[in-house]
Protein chains: 2
Amino acid sequence: MNTQQTAEGAARPAGRPRSEKAERSIIEATLDLLGEGIGVSELSIESIASRAGVGKTTIYRRWSNKEDLVVDALATLKPPIPLPQGGTVRDDLVTYLRVIQEETRHARTRCIMNIAMSDSERHPRLAERFRELAVEPRRAVVAAVLRHGMDTGELRADLDVDMALALLSGAMVWLTKWSDGHSPADLPERIVDEALKGFRPRPAE
Amino acid sequence: MNTQQTAEGAARPAGRPRSEKAERSIIEATLDLLGEGIGVSELSIESIASRAGVGKTTIYRRWSNKEDLVVDALATLKPPIPLPQGGTVRDDLVTYLRVIQEETRHARTRCIMNIAMSDSERHPRLAERFRELAVEPRRAVVAAVLRHGMDTGELRADLDVDMALALLSGAMVWLTKWSDGHSPADLPERIVDEALKGFRPRPAE
DNA sequence: CGATTATGAAACGGTGCCGTTGCGTATCGG
DNA sequence: CCGATACGCAACGGCACCGTTTCATAATCG
């Protein structure tokens, strides 16, 4: 009985359908502004509408508040790299950090990371969404790499995977943040090697 | 920057002197608001004046813009703990991370850290000030601890001190950020031990 | 005392954004 | 074509701040 091809199966609600293009450009404008360093709280609906070439009405019709819009915008971010786990664990880890380093070069990524980090208290749903979209998938992939290494014996059998992940990612973010802008190209290698060796002297290698 | 400032030797500039008490309460109100999660850009002079029980005039007379005020406010933050380097290097490092962990419990510290982290692009002077006041002193202390360990042989002689610091601090911050609010009490020990051991298997200990 | 400067309070005009409404037009189903 | 809905646009009244000014009062000098 449903003559339209709406995916949901629900009847099409008569009248002019909402423009997918408008929706996309609204979300794009939102990410755009966030990427320019505008914080969530300073982000105004009017600036989004203007940037997207859209009436405010069109935005208010779809989202009842700003946070919902930003959540949906974040949802369009794809975890861009699944990491091609090819060689040794060391190489995979270096590749992983290199991806982080590369992304940090783009202002857009950097700003969105900042938002996720600092607005986590005031906008918990946002932080949760970001974690679910950007953090968790990667965590899972790298955790698999680490476990693989533990199986083959390249890594300690009793390694704490979450701790190892935190050491690597944390160091990368930390150094990038406090290292006067641009980080040296060999940073990923150095972090991984230092983490693999540990701080204590090694009796024999 | 503060426009007042007659050094002790200089002649008193006739008329009613500026109230030290007002100045303190302005700065206190500023830190107060920042500690409640208000970001620098949303921080309004009027809210500060109201909170401090002070006229806007009194603020504008001393600081020409908001950033200067915030910089001065940050300048009153003291690096609260110089770290009692007593026992083994391991213990000192655990103590260091415990201090970070403890501070992270207070909302005020957390918010100010967030500001330092995420506003570093839009307010470089602020970030610089924070780094100079809060990050650098501790970095120096812990770096000394690490170097001491390298001398005594508790740590590898070829350890990269900056990298080690980044691994420890980064992991602490990372785990605190992504671990649903409260971090387990033994986190510092676990981070330090994992970092000391390294990820690779150890032939014999 | 009088000169001088600071203070808190209030009001100023200006701006940017809020969320809503009305308008004329565009795009769908029937 | 008709009814319904969405569109972009412009305007609304309202609010929060901005940075400045005015004012009566308070503190310190000579």
Side-chain angles (χ1 to χ4, degrees), chain A residues 1-30 32-34 36-70 72 122-123, chain B residues 1-30 33-34 36-70 122-123:
Chain A
M1 68 173 288
N2 186 359
T3 52
Q4 292 84 22
Q5 76 283 32
T6 47
E8 303 303 322
R12 167 89 76 89
R16 177 176 176 176
R18 294 190 179 170
S19 159
E20 288 294 335
K21 187 174 143 208
E23 188 139 347
R24 275 196 307 268
S25 65
I26 290 169
I27 287 188
E28 191 54 34
T30 304
D32 228 38
L33 289 168
L34 291 178
E36 288 172 11
I38 309 290
V40 175
S41 53
E42 322 153 60
L43 189 63
S44 74
I45 299 291
E46 291 197 335
S47 69
I48 296 174
S50 149
R51 169 81 57 123
V54 142
K56 281 198 290 177
T57 328
T58 308
I59 298 183
Y60 282 115
R61 189 175 295 120
R62 293 158 206 260
W63 294 276
S64 56
N65 63 67
K66 194 166 55 181
E67 186 168 291
D68 285 344
L69 167 55
V70 175
D72 278 7
R122 245 172 322 162
H123 305 282
Chain B
M1 210 60 79
N2 199 330
T3 52
Q4 167 182 333
Q5 199 37 335
T6 41
E8 297 305 321
R12 168 89 73 90
R16 176 176 176 175
R18 293 193 179 169
S19 159
E20 288 293 335
K21 187 174 141 209
E23 187 139 347
R24 275 196 306 270
S25 64
I26 291 169
I27 287 188
E28 191 54 34
T30 304
L33 288 168
L34 290 179
E36 290 174 8
I38 309 290
V40 175
S41 53
E42 321 153 61
L43 189 64
S44 75
I45 300 291
E46 292 197 335
S47 69
I48 296 174
S50 149
R51 170 81 56 122
V54 141
K56 281 197 291 177
T57 329
T58 308
I59 297 183
Y60 281 116
R61 189 175 295 116
R62 294 160 205 258
W63 294 276
S64 56
N65 63 67
K66 194 166 56 182
E67 186 168 291
D68 285 344
L69 168 54
V70 175
R122 246 174 319 166
H123 305 282

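Each chain gets a letter, A, B and so on, in the order its sequence line appears, and its residues count up from 1. Quick note: numbers below take in every heavy atom, side chains included, and nothing from hydrogens, waters or symmetry partners.
- Rounded to a whole Å, the CD1 atom of A:Ile45 is 6 Å from the P atom of C:dC18.
- Contacts of residues 16-24 of chain A with DNA chain C (heavy atom under 4.0 Å): A:Arg16, A:Pro17.
- Remark: B:Thr57 pairs with B:Arg61 by the side-chain contact (heavy atoms from CB on, under 4.5 Å) rule, at least two apart or across chains.
- Rounded to an integer number of Å, the gap from B:Ile48 CD1 to C:dG8 C1' is 17 Å.
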Report all interatomic pairs (protein N or O, nucleotide N or O of nucleotides 9-11 of chain D) with separations under 3.5 Å.
from: D:dC9; atom 1: N4; to: A:Thr57; atom 2: OG1; distance (Å): 2.8

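- For A:Arg16, the salt bridge (Lys or Arg N to Asp or Glu O under 4.0 Å) test picks out no residue, with sequence neighbours left out.
- Annotation: salt bridge (Lys or Arg N to Asp or Glu O under 4.0 Å) contacts of A:Arg51 (sequence neighbours excluded): A:Asp32, A:Glu36.
- The salt bridge (Lys or Arg N to Asp or Glu O under 4.0 Å) test applied to A:Lys66 returns no partner, not counting sequence neighbours.
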Below 3.5 Å, can you tabulate the donor-acceptor pairs from side chains in residues 20-27 of chain A to any protein atom, sequence neighbours excluded?
from: A:Glu23; atom 1: OE1; to: A:Arg62; atom 2: NH1; distance (Å): 2.5
from: A:Ser25; atom 1: OG; to: A:Lys21; atom 2: O; distance (Å): 3.3
from: A:Ser25; atom 1: OG; to: A:Ala22; atom 2: O; distance (Å): 3.0

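- Note that CD1 of B:Ile38 and OG of B:Ser47 are 7.0 Å apart. Values are rounded to the nearest 0.5 Å.
- A:Arg51 places its CZ atom 18 Å from the C1' atom of D:dG8, with the value rounded to the nearest Å.
- Scored by the side-chain hydrogen bond (donor to acceptor under 3.5 Å, both in side chains) test, A:Ser19 finds no partners at all (sequence neighbours excluded).
- Taking the side-chain hydrogen bond (donor to acceptor under 3.5 Å, both in side chains) definition, one finds that B:Ser50 meets it with nothing, sequence neighbours left out.
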